[in-house]
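Take a look at the structure below.
A quick note: this is a predicted structure, and the numbers were derived from the prediction, not measured.
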Amino acid sequence: FGYARAAGGRSVVISDYLKEGGGHPVGPGPEVWDFLRRGGVRRVVVGHKPFGDAATVVVQGGELDAAGEAFATEIIVGDTSFSDPSASGEDTRGCAVSEVLISNYFSDSDVSSADAADDASNHAFSVLQSHGTLPDGRLCGFSLPPRGEVPGTDEPLRAHWDQAVTQSDSFVGKTAPDGWLVRSVLLSGGVQAEESRPSLRKYILCRGSGRRVDYKVESLEELRSLGISQL
C-alpha cells in the first residue's frame with residue numbers, strides 16, 4: 001500500500017510479510033524466495049506491519065538442495081506497536097519490549113576496521129538473536145543457527161561458530177501444519193538455563209487471524225507431536 005507521509009511528503013510503497021489482509025507472518029512466495037536465495041540474501045528485517053507482542057521470525061528453506069547445500073532465509077517482523085492494546089494511554093506497547101541483535105563475524109581479525117566490515121569477502125557468517133519482555137512481564141528470547149560459510153581452519157571463527165550452534169534453537173521460526181508458528185523460548189527468572197538443556201525448554205507459539213493473535217506454550221516433545229521439523 002502507499003504511505004504518503006513516509007519522507008518529506010513523498011510517498012513510498014510498503015509491503016509486509018503478513019498474509020493478505022493481515023493476521024499472520026509468512027515467508028515470501030517461491031519466486032521471491034528463489035530470487036533471494038540466488039542473490040545470497042539470508043535475512044530480511046521489516047518493521048511494518050505490527051504483529052503480536054514480541055519480535056517474530058519466519059525461517060524459510062533450510063532443506064538440502066541437489067548440490068547438498070542448505071540455504072535458509074530469515075524474515076524478521078519487528079513491529080510490536082500493538083503488543084498490549086489494553087495498556088492505558090496512547091502507548092499500546094505496555095511493558096512489552098523486544099531487542100533484535102544481528103552479530104556479524106569476519107575472517108579479518110581486526111573486526112573493528114571499517115574496511116574489514118565493508119569488504120564482503122571478509123564476511124564469514126552472522127547470527128540472529130532476540131530477547132525481550134512480554135506484556136505480562138515474562139521474559140522470552142532465542143538465538144538462531146548461524147548463517148553463512150562454515151569456518152575452515154580459522155580457529156577463533158570456528159569457536160564462535162560452534163558456540164552459536166550450541167546456543168541456537170532451530171525450532172524457532174518454523175510453522176506447524178495447522179498454522180502455529182514457533183516464535184520464541186520462554187525464559188524463567190531471566191536466566192537462560194534452558195539454552196543448555198533443550199529438553200526443558202518451553203516454546204511460545206502464535207497464530208494470527210485478522211487483528212487477533214492467539215498464543216500457547218508447548219514443550220519440546222509437544223512441538224514434535226505437532227509435526228514441526230528441526231532443520
Looking only at heavy atoms, which two atoms of [X] and [Y] are closest? And how far apart?
X	Y	answer
Pro145	Asp169	CD-O, 4.0 Å
Gly141	Ser184	N-OG, 3.1 Å
Gln129	Ser103	OE1-OG, 4.2 Å
Ala54	Ser98	CA-OG, 3.3 Å
Phe125	Pro146	CD1-CB, 3.8 Å
Ile76	Leu128	CG1-CD2, 3.6 Å

>> Quick check on salt bridge (Lys or Arg N to Asp or Glu O under 4.0 Å): which of Arg93, Arg138, Arg183 does Asp53 satisfy it with?
In response: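 Filter result, single survivor: Arg183.
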>> Could you go through Leu205 and Val217, starting from their C-alpha distance and side-chain angles, then the distance that decides it, and tell me whether this counts as side chain to side chain contact (heavy atoms under 4.5 Å, CB included)?
In response: CA-CA 6 Å; Leu205 282 68; Val217 177; over 6 Å; no
Measuring only between side-chain heavy atoms, which start at C-beta, is [X] closer than 4.5 Å to [Y]?
X	Y	answer
Arg147	Arg43	yes
Glu74	Val58	no
Phe171	Arg224	yes

>> side chain to side chain contact (heavy atoms under 4.5 Å, CB included) for Leu134 and Tyr215? Distances and angles first, verdict last.
In response: CA-CA 12 Å; Leu134 300 173; Tyr215 304 96; over 6 Å; no
> Run the side chain to side chain contact (heavy atoms under 4.5 Å, CB included) check on Phe51 and Val213 step by step: do they pass?
Replying inline: CA-CA 8 Å; Phe51 175 80; Val213 183; 3.7 Å; yes
>> Under a 3.5 Å threshold, yes or no: a donor from one side chain and an acceptor from the other, between Glu222 and Ser225?
In response: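 No, no side-chain donor-acceptor contact under 3.5 Å.
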> Taking NZ, NE, NH1 and NH2 as the nitrogens, is one of them in Glu218 or Lys216 under 4.0 Å from a carboxylate oxygen of the other?
Replying inline: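 Salt bridge flag = yes for Lys216 with Glu218.
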> Between Thr175 and Val59, is a side chain to side chain contact (heavy atoms under 4.5 Å, CB included) present by the stated rule, with each step listed?
Replying inline: CA-CA 9 Å; Thr175 302; Val59 178; over 6 Å; no
